[in-house]
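A short write-up of the structure that comes next.
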Amino acid sequence: MSANGIRLHVVESGQGPLVVMLHGFPEFWWSWRHQLAGLAEAGYRAVAVDLRGYGDSDKPPRGYDLWTLAGDVAGLIRALGESEARIIGHDWGGLIGWTAAALHPRLVHSLAVVAAPHPLAVRNAVVRDPGGQGRATLGYALGFQLPRWPERSLRADDGARVERIMRSWAGPAWSASDDFAEAAARNRQAIQIPAVAHCAMEYYRWALRSQLRAEGRRFAAAVARPTAMPVLQVHGSADPCLLERTARASTRWVGDDPDMRVLPGIGHFPHQECPATVTGLIADFLAG
């Protein structure tokens with residue numbers, strides 16, 4: 001599917017209003033397998049996409065900033081022949097969803113974010129909560145700034161570091177399950193696709209380095225206005241990567257009637273850790 005000057009790989013199921021699902025790190029479209037089926041059954045045209053640089057999508061040398069990534073989503077909605085979409089995003093996909101809602105509001109009917117605080121909530125929390133969100137974010141993001149080494153470490157030993165990252169971020173019940181083992185194996189394979197590890201690191205490099213540039217200030221101003229469409233936040237209480245209190249602070253950038261659901265004992269992957277619950281919450285939100 002051609003969008004915003006690149007080709008994006010999508011997987012589609014069902015018919016009805018368009019729902020576009022955006023994955024996070026270190027995943028690809030397959031992380032939405034449960035929601036693809038569940039939302040199609042609920043009467044939606046469910047589309048899961050490999051983000052720029054991931055899976056079977058194009059891997060250009062640049063464009064891993066939230067401005068361009070939101071443009072990818074806007075272009076994809078148009079390429080799918082629709083005038084608007086319901087966007088669902090996890091982790092980086094959620095940050096892209098927040099950005100698309102701010103920069104392309106006419107294309108976003110509603111937004112559901114899973115384990116994804118507003119970008120400005122993350123930025124503020126890293127500074128104001130150094131022992132919490134600051135430590136959680138910079139503990140890995142600083143290492144991702146180094147040249148070449150992070151890419152090698154992600155690909156080494158058939159992607160074993162990907163599994164270690166997922167296990168450290170997941171809730172205890174899911175990390176001990178066969179479903180986790182399959183998800184980890186698939187993501188370990190996906191990170192070894194040529195150029196994927198490098199592209200995944202470029203997201204984090206832009207996020208940190210832009211804070212030291214005028215671009216970062218321009219981006220903050222561009223996404224500072226509260227969203228004009230309904231927003232659902234789903235978050236795991238045991239998420240060690242993006243903390244619940246950071247997600248709660250995101251209500252500042254939500255318009256009227258914010259809706260946040262916290263799932264006890266769930267880690268950073270709620271859509272996979274408790275798929276029936278999350279799919280149900282999203283389906284109810286979309287229907288409402």
Write down the atom of [X], the atom of [Y], and the distance for their closest heavy-atom approach.
X: Asn4; Y: Thr68; result: ND2-O, 3.3 Å
X: Gly38; Y: Thr279; result: CA-CG2, 3.9 Å
X: Phe219; Y: Pro119; result: CE2-CB, 4.1 Å
X: Pro105; Y: Leu103; result: CD-C, 3.3 Å
X: Tyr64; Y: Gly53; result: OH-CA, 3.9 Å
X: Cys241; Y: Ala136; result: O-CB, 3.7 Å

State, without any angle test, whether [X] and [Y] hold a side-chain donor-acceptor pair at a distance under 3.5 Å.
X: Arg161; Y: Ser153; answer: yes
X: His90; Y: Glu27; answer: yes
X: Gln233; Y: Arg248; answer: no
X: His268; Y: Asp91; answer: yes
X: His198; Y: Glu151; answer: yes
X: Gln133; Y: Thr246; answer: yes

Electrostatic pair [X]:[Y] at N-O distance under 4.0 angstrom:
X: Arg33; Y: Asp179; result: yes
X: Arg188; Y: Asp158; result: no
X: Arg78; Y: Glu82; result: no
X: Arg45; Y: Glu12; result: yes

Test of ring centre spacing under 6.0 Å for [X] and [Y]:
X: His271; Y: Trp32; answer: yes
X: Trp92; Y: Tyr54; answer: no
X: Trp169; Y: Tyr140; answer: yes

Hey, what else clusters with Leu212 if you join Ile, Leu, Val, Met, Phe, Trp, Tyr whenever side-chain heavy atoms sit under 4.5 Å?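 Members besides Leu212: none; it forms no cluster.
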
Quick check against the 3.5 Å criterion: does [X] have a side-chain atom that pairs as donor or acceptor with the backbone of [Y]?
X: Thr251; Y: Val254; result: no
X: Ser57; Y: Asp50; result: yes
X: Asp157; Y: Ala160; result: no
X: Arg135; Y: Pro130; result: no
X: Arg209; Y: Gln145; result: yes
X: Thr137; Y: Gly134; result: no
X: Arg205; Y: Phe144; result: yes
X: Ser210; Y: Trp206; result: yes

Side chain to side chain, [X] and [Y], heavy atoms closer than 4.5 Å:
X: Val11; Y: Leu36; result: yes
X: Pro258; Y: Val231; result: no
X: Arg167; Y: Pro172; result: no
X: Arg123; Y: Val127; result: no
X: Met21; Y: Gln35; result: yes
X: Ile88; Y: Leu39; result: yes
X: Lys59; Y: Cys199; result: yes
X: Leu69; Y: Leu51; result: no

Could you see if Phe269 belongs to whatever hydrophobic cluster contains Leu232? Use Ile, Leu, Val, Met, Phe, Trp, Tyr and a side-chain cutoff under 4.5 Å.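 No: no chain of side-chain contacts under 4.5 Å links Phe269 to Leu232.
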
Is it true that Ile282 and Ile266 fall in one hydrophobic cluster, defined by side-chain heavy atoms closer than 4.5 Å?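 Result: yes, single cluster for both.
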
What residues, two or more places apart in sequence or in another chain, satisfy side-chain contact (heavy atoms from CB on, under 4.5 Å) together with [X]?
X: Ala40; answer: Ser13
X: Ala85; answer: Leu18, Val20, Ile77
X: Asp284; answer: none
X: Arg7; answer: Ser2, Asp58

Glu182 CD: over 12 foreign heavy atoms closer than 6.0 Å: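 Yes, because the 6.0 Å sphere around CD of Glu182 holds more than 12 heavy atoms from other groups.
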
Going by salt bridge (charged side-chain N to carboxylate O under 4.0 Å, His left out), name the residues that satisfy it together with Glu215, two or more places apart in sequence or in a different chain.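 For Glu215 there are no salt bridge (charged side-chain N to carboxylate O under 4.0 Å, His left out) partners, ignoring immediate neighbours.
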
Please assess Leu263 against Val278 for the test side-chain contact (heavy atoms from CB on, under 4.5 Å), listing each intermediate value before the final yes or no. CA-CA 9 Å; Leu263 306 178; Val278 171; 3.9 Å; yes

Can you tell me how far CH2 of Trp98 sits from NE2 of His118, rounded to the nearest 0.5 angstrom?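 One gets 6.0 Å once the value is rounded to the nearest 0.5 Å.
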
What is the distance from atom CZ of Phe28 to atom CD1 of Ile191, rounded to the nearest 0.5 Å?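 CD1 of Ile191 is found 10.5 Å from CZ of Phe28.
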
List the steps, then state whether side-chain contact (heavy atoms from CB on, under 4.5 Å) holds for Val19 with Leu286. CA-CA 9 Å; Val19 177; Leu286 296 179; 3.9 Å; yes

Parallel, tilted or perpendicular: rings of Phe25 and Tyr204 (30°, 60°):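 Geometry flag for Phe25 against Tyr204: perpendicular rings.
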
